[in-house]
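So that the names make sense, note that chain A is the first sequence line, chain B the second, and so on, each numbered from 1. No experiment lies behind these values; they were computed from the predicted model shown.
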Amino acid sequence: MEYPEFPDDAGYTLIRDVLSGKSGKSVKIRGWIYRTRSSGKLAFVVVRDSTGVIQCTVSRDKVAKSDFDGASKALIESSVILEGEPVKDDRAPGGWEIRASKFEVFHFAETFPITKDQSDEHLLNNRHLWLRSRNMVSALKIRSTVFKAFRDYWTNLDFTEIQSPSFTTSACEGGSTLFNVSYDDENEESGQKFYAHLSQSWQLYAEATMFGLENIFTLAPSFRAEKSRTRRHLTEFWHAEVESAWLHNHQMMELEEGMIVYILKEVLSANRTELEFLGRDVSVLENIKAPFDKIKYEDVLDKLNSMGFDLGWGDDFGYKEEKALTQELRSPLYITHFPKEKGFYHRPDPSDPKALFCHDLLAPEGYGEIIGGGERVWSPDELIERIKEEDLEPESYGWYLDIRKFGSVPHSGFGLGIDRTVSWICGSDHIKHVIPFPRTMRRTTP
RNA sequence: GCCGCUGUAGCUCAGCAGGUCAGAGCAUCCGGCUGUUAACCGGACGGUCAUCGGUUCGAAUCCGAUCAGCGGCGCCA
């Protein structure tokens with residue numbers, strides 16, 4: 001295969017600008033073939049770039065023979081460079097087309113494995129190619145805005161972004177969902193089963209880092225070896241977490257509301273086209289305003305029981321319960337004051353010690369939990385007591401307990417599941433549709 | 001960990017009371033068409049029916065095991 005020289009690097013027009021009618025009389029476009037049809041004298045080549053798709057007509061009488069031959073035989077995903085006149089034409093999908101005067105196929109693609117007949121499995125096996133699809137491109141643009149908005153919101157509040165390790169020996173959730181990392185040769189000699197775990201959350205590290213910086217956040221992957229096979233779970237997911245000194249649970253909740261509203265505002269302003277391409281009902285997102293409804297755990301029990309469930313104090317809400325609560329909602333919902341068994345690190349409410357100063361934020365429309373957070377236990381003695389109550393060993397929390405011995409203060413924090421949030425914003429039916437290379441229990445490739 | 005499902009051509013699937021059942025559409029290739037909207041017309045190419053074993057005169061079809069994958073639950077973000 002002979003490759004052409006590296007083409008001119010200037011003078012190209014984005015397809016988005018051609019479609020908006022802003023371009024001049026003649027434009028140069030570069031991109032990839034999205035669809036193609038041809039007859040003996042006329043080829044219709046729909047070309048995409050990262051900003052859109054546009055139909056190009058290549059007429060045998062109006063271009064060099066080699067250009068027409070190339071346009072006729074090039075397969076989907078061939079890369080092309082073309083010049084021509086933009087024309088408003090209702091016969092073209094999108095309302096505009098380019099009548100080509102030059103049409104160069106930069107690289108003839110082999111037969112693209114993804115055609116109109118698609119299955120989940122095939123698209124996952126060919127994820128490295130499916131990333132070119134308008135679905136993936138739209139979702140990833142929205143995802144990028146969510147990351148940026150999260151970062152901007154907390155930076156504007158003077159929070160400091162920090163990084164915590166992914167290799168750790170501390171568990172913050174149950175040990176059953178920890179990934180083990182081996183250090184091959186050394187393990188065999190020492191008899192050690194593993195070298196470290198992969199982090200499930202930055203929280204323990206955040207509480208240590210907080211004492212210097214006071215207000216901090218991070219954007220990082222977390223790892224959970226759950227055997228979960230649902231549309232809401234990944235084994236490697238992106239975790240946006242915040243920790244703040246001198247802050248009560250209810251104050252943290254207010255900041256979170258502001259964050260959600262800010263993220264939505266940014267996405268609506270930057271990604272309306274993408275939301276609409278994905279078929280999202282944008283009005284739902286437009287109508288979300290703070291403050292969100294807040295309901296205590298024990299009141300949720302009553303509400304669910306009145307809907308036909310049979311729950312008592314201490315029972316957890318499964319997805320069925322979450323779905324029942326959020327299916328008809330159009331705005332996020334807070335649940336607070338969970339039973340203290342939910343987490344040893346959350347601070348019990350002094351006026352109701354069986355319940356915690358903590359909260360979950362449930363996304364509406366049946367999407368369910370996207371945030372878990374709360375006020376942390378700050379008294380060293382109380383923390384040790386809580387660890388023992390939960391049948392955990394204080395010895396395994398050595399340095400985490402240590403930080404409480406030196407000027408402990410009240411503080412709160414939360415974790416936001418970014419992928420779940422993007423999934424909700426996109427109106428996606430599966431979390432794996434909004435991350436480039438999803439990782440689940442049975443898929444680590446491509 | 002538990003429950004359920006799937007595996008037949010490159011892709012999507014049909015065929016499964018066992019006996020011309022190796023099929024269709026799409027893709028690809030060849031031919032045709034000056035306006036197509038993942039077009040249309042004609043032709044060609046294409047499969048150890050996931051793997052291994054069993055039942056049977058005979059297995060894509062029934063049974064078992066294995067492998068791969070998908071969905072849901074519990075748990076969580």
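If you check B:rA60 for Watson-Crick or wobble pairing at under 3.5 angstrom, you find it has no partner at all. Checking B:rU12 for Watson-Crick or G-U wobble geometry (two distances, each under 3.5 Å) identifies B:rA24 as its partner. Both distances falling under 3.5 Å, in either a Watson-Crick or a G-U wobble arrangement, occur for no nucleotide opposite B:rU36. In this structure, B:rG71 and B:rC3 make a Watson-Crick or G-U wobble pair, each of the two defining distances being under 3.5 angstrom. Nucleotide B:rA17: unpaired (no Watson-Crick or G-U wobble partner with both distances less than 3.5 Å). Across every strand in view, B:rC49 sits unpaired, with no contact that passes the Watson-Crick or G-U test at under 3.5 angstrom.
Taking A:Lys294 as the reference, A:Met253, A:Glu257, A:Pro291, A:Tyr334 meet the side-chain contact (heavy atoms from CB on, under 4.5 Å) condition, with sequence neighbours excluded.
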Tabulate below the donor-acceptor pairs under 3.5 Å that side-chain atoms of residues 83-96 of chain A make, not counting sequence neighbours, or state none.
residue	atom	partner	partner atom	Å
A:Asp89	OD1	A:Arg91	N	2.8
A:Asp89	OD1	A:Arg91	NE	3.2
A:Asp89	OD2	A:Arg91	NE	3.4
A:Asp89	OD2	A:Arg91	NH2	3.0
A:Asp89	OD2	A:Arg99	NH2	3.0
A:Trp96	NE1	A:Leu19	O	3.4

Exercise answer: donor-acceptor pairs, residues 306-316 of chain A side-chain atoms, under 3.5 Å, sequence neighbours excluded:
residue	atom	partner	partner atom	Å
A:Ser306	OG	A:Lys303	O	2.6
A:Asp315	OD2	A:Gly312	N	2.8

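Of all heavy-atom pairs between A:Lys342 and A:Leu356, the closest is CB-CD1, 4.1 Å. Minimum heavy-atom separation, A:Phe167 to A:Ala196: CB-CB, 4.2 Å.
In this structure, A:His239 and A:Phe237 have tilted ring planes: the angle between them lies in the 30° to 60° band. Relative ring orientation between A:His337 and A:Phe357 is described as perpendicular, the plane-to-plane angle rising above 60° on a 0-90° scale split at 30° and 60°.
Between A:Phe237 and B:rA77, a base-stacking contact is recorded: ring centres under 5.5 Å apart, planes less than 30° from parallel.
Separation of the P atoms belonging to B:rU28 and B:rG4 is 42 Å when rounded to the nearest angstrom. B:rC49 and B:rA24 have their C1' atoms separated by 15 Å, with the value rounded to a whole Å.
No contact: A:Glu110 has no heavy atom under 4.0 Å from any strand. Here A:Ile370 lies in heavy-atom contact (under 4.0 Å) with sugar-phosphate atoms only. A:Gly40 comes within 4.0 angstrom of a base, heavy atoms only.
Separating the CG atom of A:Asp316 from the P atom of B:rC75 is a distance of 5 Å, rounded to the nearest angstrom. The separation between A:Leu75 atom CG and B:rA27 atom P is 11 Å, rounded to whole Å. Per the geometry, CZ belonging to A:Arg60 stands 10 Å off P belonging to B:rG32, to the nearest Å. The OH atom of A:Tyr319 sits 16 Å away from the P atom of B:rA77 (whole-angstrom rounding). Whole-Å rounding puts the A:His233 NE2 to B:rC73 P distance at 9 Å.
Within residues 288-303 of chain A, no residue has a heavy atom under 4.0 Å from RNA chain B.
A:Tyr319 carries A:Arg232 over the face of its six-membered ring, with the cationic atom under 6.0 Å from the centre and within 45° of the normal.
One finds no salt bridge joining A:Lys148 and A:Glu266 here, because no Lys/Arg side-chain nitrogen approaches an Asp/Glu carboxylate oxygen to under 4.0 Å. Electrostatic pairing of A:Asp69 and A:Lys73 does not count as a salt bridge here, judged by no charged N lying under 4.0 Å from a carboxylate O.
For B:rA50, the glycosidic angle deviates from 0 by more than 90°, giving an anti base. Regarding the sugar-base torsion, B:rU48 falls in the syn class, its angle being within 90° of 0.
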Per-nucleotide protein contact string for nucleotides 37-42 of chain B, where B marks a base within reach and S marks sugar-phosphate only (heavy atoms under 4.0 Å, - for neither): BBB---
Pair A:Thr218-A:Tyr205, side chain to side chain donor-acceptor pair (under 3.5 Å): steps then yes or no: CA-CA 11 Å; A:Thr218 197; A:Tyr205 298 97; over 6 Å; no
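Under the side-chain hydrogen bond (donor to acceptor under 3.5 Å, both in side chains) test applied with A:His122, the options A:Asp120, A:Asn125, A:Asn126 reduce to a single match, A:Asn126.
The shortest distance between the side-chain N/O atoms of A:Ser119 and the OP1/OP2 oxygens of B:rU12 is below 4.0 Å.
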Check nucleotides 65-71 of chain B for protein N or O atoms closer than 3.5 Å to its own N or O atoms and list the pairs.
residue	atom	partner	partner atom	Å
B:rG69	OP1	A:Arg442	O	3.0
B:rG69	O3'	A:Arg443	NH2	3.4
B:rG69	O2'	A:Glu121	OE1	3.1
B:rG69	O2'	A:Glu121	OE2	3.3
B:rC70	OP1	A:Arg443	NE	3.2
B:rC70	N4	A:Arg442	NH1	3.0
B:rG71	OP1	A:His430	NE2	3.2
B:rG71	OP1	A:Lys432	NZ	2.5
B:rG71	N7	A:Arg229	NE	3.1
B:rG71	N7	A:Arg229	NH2	3.3
B:rG71	O6	A:Arg229	NE	3.4

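Annotation: of the two residues near RNA chain B, A:Thr57 and A:Thr235, the 5′-most nearest-nucleotide partner is A:Thr57.
Residue side chain A:His122 does not reach the base of B:rC11 through any donor-acceptor N/O pair under 3.5 Å, judged by distance alone.
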